Every structure is written in C-alpha cells, then in structure tokens.
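Have a look at the structure below, then the notes.
No hydrogens, no waters, no symmetry mates; every other heavy atom, side chains included, goes into these values. Everything numeric in this text was worked out from a predicted model, so none of it was measured.
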Amino acid sequence: MTSEPKDFIREIIREDLRTGKHTTIVTRFPPEPNGYLHIGHAKSIVLNFGIAQEFGGRCHLRFDDTNPSREEEEYVQSIIEDIHWLGFDWGEHLYFASDYFEQLYEWAEYLITAGEAYVDDLSAEEIRAYRGTLTEPGKPSPYRDRSVEENLDLFRRMRAGEFPDGSRVLRAKIDMAASNLNLRDPVLYRIVHATHHRTGDRWCIYPMYDFAHGQSDAIEGITHSLCTLEFENHRPLYDWLIEHLPVPARPRQIEFARLNLTYTVLSKRKLLRLVTEGHVTGWDDPRMPTLSGMRRRGIPPEAIRTFCDRIGMAKRDSTVDVAQLEFCIRDELNRTARRVMGVLNPLRVVIENYPEGQTEQLEAPYYPDDPPKMGMRTVPFSRVLYIEREDFREDPPKKFFRLAPGREVRLRWAYFLRCERVIKDPDTGEITELRCTYDPATRGGDAPDGRKVRGTIHWVSAAHALPAEVRLYDRLFNRPNPDDAPEGKDFLANLNPGSLTIVEARVEASLATAAPGDRYQFERRGYFTVDPDTRPGHLVFNRTVPLRDTWAKIEKQMKQRP
RNA sequence: UGGGGCGUCGGCAAGCGGUAAGCCACCGGUCUUUGGAACCGGCAUUCGCAGGUUCGAAUCCUGCCGCCCCAGCCA
C-alpha cells in the first residue's frame with residue numbers, strides 16, 4: 001500500500017520509514033482561524049490526512065492562533081465543520097498553538113539566557129531600515145548587545161504588560177548580514193494588547209509564526225510538517241530554532257506548490273472583497289471556491305478528494321484547469337445521483353389525441369444504467385405537458401434530432417410524440433404552444449412496429465409538475481486568469497455577469513419531498529442540488545454542473561464552418 | 001543586481017543513465033430510451049536553450065535563458 005510513492009513527499013516518508021528514522025508518521029493541518037477554508041486548503045487537507053491514513057499514522061488539526069487581532073472563534077467552528085464534511089477526522093488530536101503559549105514563553109527565556117535572543121526597542125520602521133535590502137546586508141540594532149539580565153528583565157516586563165504595543169519586540173540573535181532575510185534577527189515576540197479568542201487577556205505578548213509553528217510541531221511530535229512553497233525561505237529559521245531549543249522532537253518541513261485554478265481566485269484578500277463588496281451573497285455562495293460554497297453548490301466531498309488526488313503534488317507553480325475539477329464532480333455524480341426530469345425553460349405541449357382529464361402513472365427508474373441500484377419512481381402523464389423550449393425547432397438545422405413540425409421523438413419513459421402544429425402569439429410571433437399527437441402503442445418508449453426515433457426528450461405533466469426556482473451557476477470569472485485585467489483595473493473587471501441566472505422551472509412531482517442537500521441529475525440538463533433556501537411549497541435548486549453538451553458543440557462548429 | 005526554488009504534450013503530472021506513464025482538454029469511431037454515461041482509437045522522435053561526459057542523457061557536468069518566492073511587530 002505504501003510501496004508506490006505517488007509524489008516526492010510520500011517518497012521521502014517511505015524512505016524515513018525504511019531507514020527507521022521514524023516508525024510512526026505524524027502530520028498536521030495548521031489553519032489560522034481567520035477565514036474560510038477553500039479548495040486550496042483542501043489540497044493540503046487531503047495531503048496531510050491522506051498520508052496519515054496511508055501510512056497508518058495520524059494527522060492533527062492545529063489552529064495556528066498566534067495573532068489575536070485577526071482571529072475569531074467563528075472561524076474555528078467553520079473550519080472544523082468543513083474538514084469533517086470533506087471526510088476527515090483527527091480524533092483526540094485537536095490542538096491550538098495558543099495551548100503552547102506558556103511553553104513557548106519558557107523557550108523564549110531559554111534563548112535569552114543562552115544569549116541568542118534580545119529585546120529590541122527599535123520601532124517597526126527602524127527595524128525595517130536596519131534590516132537592509134535584498135542586496136545589501138543589514139546592520140545590528142543598538143540594543144543587540146544587551147546583557148542577558150537586562151533582556152530577561154525587559155522580556156518579563158513585556159509579558160507583565162508594562163509596555164505599549166509596538167514599543168519593543170524579542171528578536172533572535174542570528175546574523176544581520178545573512179543572505180536570507182529571515183535570518184536577519186527575526187522578530188520572535190511582539191506586544192499586542194488584544195483579547196485572544198481562547199486565552200482571553202492572559203497574554204499581551206504573542207509569538208510570531210516562525211517561533212510558534214516549528215515548536216508546536218515538535219511538541220506534538222509531528223514528523224513531517226508540510227506547507228506551501230512560500231515558506232521555503234523560512235526553513236533555515238525553522239531548523240535554527242529547532243536546533244537551538246531543547247525541543248522534544250525534530251520535525252522536518254517540506255514544501256509543495258499551492259493550488260491555482262483557472263477561472264478562480266483563491267487569495268483570502270480577493271475572496272473577502274467578493275463577499276464584502278457584494279459580488280456574491282456570502283462565503284457560502286455556490287460560486288465561491290470555499291468549501292462551504294462548494295458544499296452548497298452540491299459538489300460531493302468525494303469529488304474534491306479525487307480531484308486532489310489526481311492533480312498530484314509537486315514543487316512547480318502551476319494552474320490546474322477547472323475542467324479537471326468539473327470532470328471529477330460529474331464522474332462522482334454520474335455514479336451517485338438519481339435521475340429525474342425537470343424542465344428549465346417550459347414550452348407547453350397539448351396532445352390532441354390524448355383523452356382530456358386522463359392521467360397515467362408511468363414507471364421510471366431512478367438510475368437507468370442499473371435500475372435495481374436505486375429503484376423506481378412513478379411519473380404522472382397527461383394531456384398537457386411541458387417540454388424544454390430548446391428541444392423544439394420550427395426550422396431544424398442539420399443533425400438536430402429533436403422535435404420539429406411533422407417530426408416524431410420519444411418522451412422519456414412515456415410515448416412517441418409527433419408535432420402537428422405550432423401555435424404562435426399573433427403579436428410577437430413567439431411560439432406559445434405545440435399541438436401534438438402521441439402513439440398509444442408506444443407506451444414505455446418502444447414501438448411495436450419497430451420504427452425508431454433519433455431523439456428522446458424529457459418532459460413534465462403540466463397539471464402535476466412542481467414549480468421550482470432553479471439557480472443556474474456558471475464560472476464567476478470569464479477569464480482563465482482573473483488577474484489578467486486591463487490597465488488600471490483589477491480582477492473584478494473579469495467578473496462574469498452571467499455567473500447566476502435564475503429560472504422558474506417545472507420539475508416532476510416526485511421531487512415534492514426533496515430535502516436540502518439532496519443531489520439529482522435532471523436528465524439531459526445537469527446535476528442539481530436542493531438549496532437550503534427551500535421552503536414548504538417553494539423548491540429551490542442549484543445547478544452544480546451542467547452535463548456535457550455535445551449538441552451545443554456540434555451546433556457551434558456548424559456555425560463556424562458550415 | 002543577494003539568497004532560495006522551479007522549468008517534461010494545450011493544462012496537470014510520472015520519470016531517479018537504457019531509449020517519454022497516467023489524467024483533463026481536444027479529435028475520430030462504436031454503442032445508446034439522457035446528443036449523458038460506457039467502450040475503442042488518435043494526441044511529446046522529444047523533455048527551457050547551448051555545449052560536454054557516455055555505447056547510450058529528460059535523467060550526470062558546464063554555461064546561458066525564463067518564471068516564482070523573500071526586505072510584516074501577517075500566516
């Protein structure tokens with residue numbers, strides 16, 4: 001099971017197991033509770049929890065809550081919910097970096113005592129100026145050589161709350177001339193008089209990410225600390241701290257490329273703007289790449305997991321085609337969603353030779369490719385139906401197999417239907433109704449005389465169908481790279497104005513009991529899920545993803561080169 | 001112009017000195033009571049470029065070129 005590494009990280013782990021460096025693998029997913037999880041996080045979650053499962057180890061959920069000014073309990077809850085929804089569990093291993101504040105503080109004093117950290121009185125601006133640039137070395141702070149006693153005293157008074165925010169910091173004493181800026185005496189602690197969502201007002205100094213992350217990993221016995229590429233420059237500091245502190249373990253940081261998706265933005269800042277500026281209805285808007293948005297969109301968590309597995313894991317910056325994600329969604333839904341009929345854009349059809357007032361209950365399988373799998377439902381049939389407006393053409397182009405004057409098609413699970421006449425609005429010329437006839441001998445969809453029809457269309461009985469609000473979602477942006485905007489404009493200029501279209505549809509009666517979260521395929525249209533906005537008597541569906549539409553492709557090609 | 005990474009098909013991505021996996025997309029075809037699904041077939045003589053080592057190089061060496069990250073008291 002672990003003999004075939006899928007990527008360079010698993011290769012490293014397998015080697016560590018083989019050489020006996022580790023006997024148990026421990027990973028962690030370390031979100032900062034300051035925002036909602038998105039598909040990019042899913043890549044990391046699937047990686048970390050997936051590795052733990054594959055190698056019989058464990059994966060911790062640890063909140064990196066070292067900055068009280070931007071973190072909130074609300075996010076902790078949504079993150080927990082999203083990871084569970086994705087299908088992963090950490091058992092007892094729920095941790096918070098804030099649980100380690102006392103230990104972290106002790107280690108800070110340890111560093112001071114060892115002469116490897118000092119309290120700096122320089123302002124933030126001064127520290128920046130002293131740091132130097134990418135090409136020029138920095139210069140030491142005038143406070144760099146304070147005595148251990150003075151540093152200890154100052155640091156304890158920082159903790160005691162004697163100094164205002166920004167007045168002093170604790171810095172590691174490493175090398176102001178290091179070519180890696182992270183090693184130019186990085187800040188370890190800063191003063192922040194803010195209420196922390198877990199520790200309240202117990203602290204007014206907080207460790208920086210660099211001082212908290214690696215040490216938290218060590219405390220938890222993390223063997224492989226997996227993070228994204230931008231932390232590669234921090235690894236020397238990560239290792240420096242682990243080496244200079246009496247930590248109980250020596251975790252190894254390994255970096256991988258973060259996920260980018262076409263037609264999608266994933267930065268926290270941009271996602272926040274979409275929400276706050278009202279371009280979407282909220283973090284769980286079905287057009288958002290957040291896990292809560294995708295959940296509401298009807299995307300199964302299994303699809304996200306297989307997507308993450310298939311895109312692989314490497315160190316090169318890359319952008320995955322969103323079509324790859326859509327494929328995984330369809331692939332999953334194709335195997336799990338019940339088939340029903342829903343007419344999105346209704347066109348009235350009157351069957352002239354069908355008895356007025358009569359209704360038949362037709363049997364239809366929920367899963368035609370394997371009927372026993374999901375059973376049957378009953379679909380009422382009567383004299384007046386609705387069919388999809390685009391399934392009729394008065395002047396059908398070549399290769400159009402659907403309904404047209406004088407033509408015959410099959411009504412799914414019902415009868416053959418022939419169009420006899422077209423009724424139009426005398427003023428607008430718009431087609432308002434079709435007068436048709438049906439062949440009673442074709443009940444169920446097959447003709448005893450063996451004649452064939454090229455097309456099968458879906459339908460709904462007008463008297464029995466349920467009205468439903470259907471929200472048709474499309475990509476939020478109309479460019480593969482939303483940031484590719486005209487001079488002076490930003491990604492918002494690429495918002496797709498057609499990302500949401502709402503239609504009043506008619507769906508088959510069996511959907512009366514559909515509950516929020518249920519997923520269906522509306523045959524020939526796409527996959528839909530029941531939105532939580534649904535109320536008794538008011539069904540609301542979200543289109544998760546349309547079906548592949550070969551006809552649309554053919555028609556487009558014919559228009560381009562007839 | 002310092003340091004750290006990375007460059008294999010339109011997009012992901014295997015490959016670890018022995019003669020370019022797979023997936024998506026795309027293009028054909030079969031089948032079909034979803035123009036869905038399924039099934040069959042096509043799709044890199046070539047691995048950023050240029051040299052070199054070798055019987056043999058995407059894999060080793062050298063030099064270029066390109067892209068990403070780093071100058072928060074964010075993570």
Side-chain angles (χ1 to χ4, degrees), chain A residues 6-7 11 30-32 34 64-67 69-71 120 122-125 127-129 131-138 165-171 177-184 186-192 205-206 208-210 212-213 227-236 255 257 262 268 307 309-328 330-331 334-335 339 341 364 368-369 399-402 409-414 444-446 452-458 480 521-526 546-555:
Chain A
K6 286 197 297 190
D7 52 64
E11 194 168 342
E32 182 190 13
N34 74 335
D64 236 327
D65 54 351
T66 56
N67 188 349
S69 54
R70 40 184 260 172
E71 294 152 6
D120 196 348
L122 254 28
S123 69
E125 301 71 53
I127 286 180
R128 190 184 319 128
R131 186 154 33 223
T133 68
L134 293 178
T135 51
E136 304 161 286
D165 287 7
S167 59
R168 281 175 236 264
V169 293
L170 180 72
R171 294 227 255 170
S179 50
N180 181 331
L181 297 267
N182 292 123
L183 262 18
R184 317 244 262 229
V187 172
L188 267 21
Y189 266 90
R190 75 285 215 188
I191 300 171
V192 182
I205 58 171
Y206 292 89
M208 297 286 289
Y209 163 84
D210 287 306
H213 203 93
C227 62
T228 44
L229 252 28
E230 65 270 27
F231 290 99
E232 204 152 27
N233 293 325
H234 292 244
R235 197 170 67 227
E255 312 82 12
T262 56
K268 241 169 219 179
F307 169 73
D309 280 339
R310 287 189 196 197
I311 57 175
M313 193 58 64
K315 293 197 70 162
R316 72 181 79 119
D317 290 307
S318 59
T319 302
V320 178
D321 192 338
V322 75
Q324 179 95 232
L325 206 214
E326 290 167 352
F327 172 83
C328 293
R330 290 195 186 98
D331 193 44
N334 176 47
R335 284 174 287 140
R339 270 61 169 173
M341 293 192 284
D369 288 344
K399 296 183 185 173
F400 183 85
F401 306 143
R402 284 113 94 148
V409 295
R410 172 166 41 232
L411 293 173
R412 184 74 155 160
W413 310 123
D446 285 305
K452 302 288 183 198
V453 289
R454 288 299 296 267
T456 298
I457 65 175
H458 59 280
Q521 181 194 107
F522 287 179
E523 289 202 70
R524 305 205 307 131
R525 298 306 315 231
L547 246 31
R548 270 188 64 208
D549 191 348
T550 305
W551 165 243
K553 202 176 292 179
I554 292 171
E555 195 171 33

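Asp64(A) approaches Glu32(A) most closely through the heavy-atom pair O-CG, 3.5 Å. Residues Cys328(A) and Phe307(A) share a closest heavy-atom pair of SG-CA, 3.6 Å. Nearest heavy-atom pair, Leu183(A) versus Ala178(A), reported as atom, atom and distance to 0.1 Å: CB-CB, 3.6 Å.
Rounded to whole angstrom, the span from the CD atom of Glu523(A) across to the P atom of A37(B) amounts to 13 Å. Remark: C1' of C74(B) and CG of Asn182(A) are 13 Å apart, rounded to the nearest angstrom. If you measure from atom OH of Tyr189(A) to atom P of C73(B), you get 16 Å, rounded to the nearest angstrom. Per the geometry, CD belonging to Glu125(A) stands 11 Å off C1' belonging to G72(B), to the nearest Å. Taking atom CZ of Arg128(A) as the reference point, atom C1' of C70(B) lies 15 Å away to the nearest angstrom. Rounded to a whole Å, the CG atom of Asp7(A) is 9 Å from the P atom of G15(B). One interatomic measurement links the two molecules: CD of Glu326(A) to P of C23(B), which rounds to 19 Å at whole-angstrom precision. Between the CZ atom of Arg525(A) and the C1' atom of A37(B) there is a distance of 18 Å, rounded to whole Å.
When distances are taken from the side chain of Phe327(A) to each of C69(B), C12(B), A25(B), the shortest belongs to A25(B). Of the candidates G35(B), G36(B), C73(B), G35(B) carries the atom nearest the Arg524(A) side chain, counting heavy atoms from C-beta on. Checking C16(B), A37(B), A14(B) against the side-chain heavy atoms of Asn334(A) singles out A37(B) as nearest. Closest approach to the Arg131(A) side chain among U1(B), C12(B), C73(B) is made by C73(B) (side chain taken as heavy atoms from C-beta onward). Here C16(B) is the nucleotide among G36(B), C23(B), C16(B) with the atom lying nearest to any side-chain atom of Glu11(A).
Pair check for A71(B) finds none; no Watson-Crick or G-U wobble contact set falls under 3.5 Å. Nucleotide A37(B) is matched to nothing when pairs are restricted to Watson-Crick or G-U wobble geometry with both distances under 3.5 angstrom. Figure legend. C60(B) is base-paired to G52(B); pairs are counted as Watson-Crick or G-U wobble with both atom distances under 3.5 Å. The partner of G66(B) is C6(B), judged by Watson-Crick or G-U wobble contacts that both fall below 3.5 Å.
Interface remark: the Asn233(A) side chain does form a donor-acceptor pair with the C69(B) base, using a distance-only criterion of under 3.5 Å. Checked by distance alone, Arg548(A) brings no side-chain donor or acceptor within 3.5 Å of a matching partner on the base of G35(B). The base of G36(B) lies close enough to the side chain of Asp369(A) for a donor and an acceptor atom to sit less than 3.5 Å apart.
Comparing the C1' positions of C61(B) and C39(B) gives an interatomic distance of 49 Å, to the nearest angstrom. Atom name P, nucleotides U62(B) and C6(B): the rounded distance is 16 Å, in whole Å. Rounded to the nearest Å, the gap between the P atom of G3(B) and that of G63(B) is 14 Å. C40(B) sits 29 Å from U46(B) when the P atoms are compared, rounded to a whole Å. Rounded to whole Å, the separation between the P atoms of C47(B) and A58(B) comes to 7 Å. Comparing the same atom, C1', in A25(B) and in U19(B) gives a spacing of 29 Å after rounding to whole Å. Distance check on atom C1': C67(B) versus G48(B) gives 11 Å, rounded to whole Å. For the P atoms, the distance linking C12(B) with A50(B) amounts to 23 Å, nearest Å.
Contact check for Arg171(A) versus Val187(A): side-chain heavy atoms found under the 4.5 Å cut-off. Between Glu555(A) and Phe400(A) there is no side-chain heavy-atom pair separated by less than 4.5 Å. Here the side chains of Asn182(A) and Pro236(A) are not in contact, with every heavy-atom distance at 4.5 Å or above. Using a 4.5 Å heavy-atom cutoff, the side chains of Ser69(A) and Tyr206(A) are not in contact.
Ala124(A) comes within contact range of at least one nucleobase, with a heavy-atom separation under 4.0 Å. Using a 4.0 Å heavy-atom cutoff across all strands shown, Thr66(A) reaches sugar-phosphate atoms only and no base atom. Using a 4.0 Å heavy-atom cutoff across all strands shown, Leu325(A) reaches no nucleic acid atom at all. At the heavy-atom level, Arg339(A) lies under 4.0 Å from base atoms of the strands shown. If you check every strand for non-hydrogen atoms under 4.0 Å, Glu136(A) touches nothing. Across all strands shown, Thr133(A) has heavy atoms under 4.0 Å from base atoms, whether or not it also approaches the sugar-phosphate. The residue Leu181(A) sits close to a base: some heavy atom pair falls under 4.0 Å. If you check every strand for non-hydrogen atoms under 4.0 Å, Phe522(A) touches nothing. Phe401(A) comes within contact range of at least one nucleobase, with a heavy-atom separation under 4.0 Å. Across all strands, Tyr206(A) comes closer than 4.0 Å to no nucleic acid atom at all (heavy-atom distances). Contact annotation for Arg454(A): no contact, since no heavy-atom pair falls under 4.0 Å across all strands. Heavy atoms of Lys399(A) sit under 4.0 angstrom from at least one base atom. Using a 4.0 Å heavy-atom cutoff across all strands shown, Val169(A) reaches at least one base atom of the nucleic acid. Within the nucleic acid shown, His234(A) comes within 4.0 Å of at least one base atom, counting heavy atoms only.
For G35(B), the base is stacked against the aromatic ring of Trp551(A), per a cut-off of 5.5 Å between centres and 30° between planes.
With Arg184(A) contributing its side chain and Arg131(A) its backbone, the two residues share a donor-acceptor pair below 3.5 Å. Side-chain atoms of Arg454(A) never come within 3.5 Å of backbone atoms of Phe401(A) as a donor-acceptor pair (strictly under, hydrogens ignored).
Map Ala257(A) and Gln521(A) each onto its nearest nucleotide of RNA chain B; the residue landing nearer the 5' end is Ala257(A). A residue-by-residue look at Asp331(A) and Ala414(A) shows that Ala414(A) has its nearest nucleotide of RNA chain B further toward the 5' end.
Under the side-chain contact (heavy atoms from CB on, under 4.5 Å) test applied with Met341(A), the options Gln521(A), Arg525(A), Arg524(A), His458(A) reduce to a single match, His458(A).
The glycosidic torsion of G72(B) lies within 90° of 0, which places this base in the syn conformation.
The number of heavy-atom neighbours closer than 6.0 Å to NZ of Lys268(A), taken from other residues, nucleotides and ligands shown, is above 12.
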Pairs under 3.5 angstrom, nitrogen or oxygen only, protein versus nucleotides 5-7 of chain B, please.
| residue | atom | partner | partner atom | Å |
| --- | --- | --- | --- | --- |
| G5(B) | O2' | Glu232(A) | OE1 | 3.2 |

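Using a 4.0 Å cut-off, no side-chain N or O of Thr456(A) falls inside it from OP1 or OP2 of G35(B).
Between Phe231(A) and Tyr209(A), the ring planes are tilted. Angles from 30° to 60° get that label.
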